Asker: 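Here's a structure for you.
Here the structure is a predicted model, which is why all the values come from computation and not from measurement. Position 1 is the first residue of the sequence, and the numbers go up from there.
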Amino acid sequence: MLIILVIVVTVALVLASAFWPEPEPEQEPAGTETGPATVPEPPTGPTTLEGALVAQLISGEISARQYRRAVAKLAARDDQRQPVRPPTGLV
């Protein structure tokens, strides 16, 4: 008797899942295209000051000495604006 009940419940669940209505797909607002997604192009030039300095160094616009001096000034400026302090109590 228990086996028949299990078989009937299983058949009912299989039939219910076969005929269960699928959820409707979300519709996009009017006026939007459903074509392929556009990927933004990467920037063609350097996006940071350090990157611009490296580009100038590689192209020969500035010398290695000028590059080191400029990077040292950037490091000093960053240290003044956002000083990094080690956490206490780790040693």
Asker: E50: what forms a side chain to side chain donor-acceptor pair (under 3.5 Å) with it, not counting sequence neighbours?
Answerer: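 Scan of E50 (side chain to side chain donor-acceptor pair (under 3.5 Å), adjacent residues dropped) gives none.
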Asker: List in chain and number order the residues that pass side-chain contact (heavy atoms from CB on, under 4.5 Å) with R65, two or more places apart in sequence or in another chain; answer none if no residue qualifies.
Answerer: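 Listed in chain order: S63, R68, R69.
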Asker: Identify all side-chain donor-acceptor contacts of residues 9-17 below 3.5 Å with residues at least two apart in sequence or on another chain.
Answerer:
| unit_1 | atom_1 | unit_2 | atom_2 | d |
| --- | --- | --- | --- | --- |
| T10 | OG1 | V6 | O | 2.7 |
| S17 | OG | L13 | O | 3.3 |
| S17 | OG | V14 | O | 2.9 |

Asker: Hydrophobic clusters join Ile, Leu, Val, Met, Phe, Trp and Tyr when side-chain heavy atoms are under 4.5 Å apart, directly or via other members; which others share one with L49?
Answerer: L53, V54, L57, I58, I62, Y67, V71, L74
Asker: Taking only residues two or more places apart in sequence or in another chain, which ones pass side-chain contact (heavy atoms from CB on, under 4.5 Å) with V8?
Answerer: I4
Asker: Sequence neighbours excluded, which residues qualify as side-chain contact (heavy atoms from CB on, under 4.5 Å) partners of P83?
Answerer: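 So P83 forms a side-chain contact (heavy atoms from CB on, under 4.5 Å) with D79, R85.
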Asker: For S59, give me all partners under side chain to side chain donor-acceptor pair (under 3.5 Å), at least two apart in sequence or on another chain.
Answerer: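 Expected list: E61.
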